[in-house]
Amino acid sequence: MFTTSPLKRLRQSSWMEAIPDTINVPALSDKPTRAVPIERATVDDIEFALVALARQQSELYRLTSALGDVLKMARRQGAFGADIAISAAARDLEGGK
């Protein structure tokens with residue numbers, strides 16, 4: 001018989017050490033958003049939490065991509081340091097200096 005909890009055994013795998021103590025399950029029909037201890041989470045709880053996290057991941061990707069583009073555009077215009085990045089990026093978009 002195992003002497004450690006299932007969660008502890010899973011976390012001992014290097015690629016699973018990031019398993020959180022709780023997951024946020026988004027609101028569904030009449031149930032509000034709730035934090036569920038991972039050791040009590042159902043398969044559906046994890047699935048719904050993953051869907052919500054994937055949406056957040058997509059939003060973060062779009063944000064980092066947009067900010068990266070602003071930075072590249074500003075740098076092409078010679079902006080650096082304390083220069084206003086949006087102004088420089090707008091100049092780049094308009095094709096000027």
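One-based numbering along the sequence shown.
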Least distance between heavy atoms, [X] atom then [Y] atom:
{"X": "Ile23", "Y": "Ala49", "answer": "CD1-CB, 4.0 Å"}
{"X": "Ala85", "Y": "Ala74", "answer": "O-CB, 3.7 Å"}
{"X": "Pro20", "Y": "Ile38", "answer": "O-CG2, 3.0 Å"}
{"X": "Arg75", "Y": "Gly81", "answer": "NH1-N, 4.3 Å"}
{"X": "Ala88", "Y": "Ala79", "answer": "CB-CB, 3.7 Å"}
{"X": "Arg40", "Y": "Asp45", "answer": "O-OD2, 4.4 Å"}

Can you tell me how far the [atom1] atom of [X] sits from the [atom2] atom of [Y], to the nearest 0.5 Å?
{"X": "Arg34", "Y": "Leu28", "atom1": "CZ", "atom2": "CG", "answer": "7.0 Å"}
{"X": "Trp15", "Y": "Leu10", "atom1": "CH2", "atom2": "CG", "answer": "8.0 Å"}
{"X": "Leu63", "Y": "Ser58", "atom1": "CG", "atom2": "OG", "answer": "12.5 Å"}
{"X": "Arg91", "Y": "Arg76", "atom1": "CZ", "atom2": "CZ", "answer": "12.5 Å"}
{"X": "Leu7", "Y": "Met16", "atom1": "CG", "atom2": "CE", "answer": "9.0 Å"}
{"X": "Phe48", "Y": "Thr33", "atom1": "CZ", "atom2": "OG1", "answer": "12.5 Å"}

Any chain of hydrophobic side-chain contacts (each under 4.5 Å) joining [X] to [Y]?
{"X": "Leu71", "Y": "Leu93", "answer": "no"}
{"X": "Met73", "Y": "Ile86", "answer": "no"}
{"X": "Ile46", "Y": "Ile19", "answer": "yes"}

- [ ] Please confirm whether the backbone N or O of Leu60 pairs with a side-chain atom of Thr64, one donor and one acceptor, at under 3.5 Å?
- [x]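 Yes, the answer is positive, given that a donor and an acceptor are paired below the 3.5 Å cut-off.
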TODO: Count the heavy atoms of every other residue, nucleotide or ligand shown that sit under 6.0 Å from CD1 of Ile84, and state whether that count exceeds 12.
DONE: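 No.
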Task: Over 12 foreign heavy atoms within 6.0 Å of CZ, Arg11 - done: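 Yes, enclosed.
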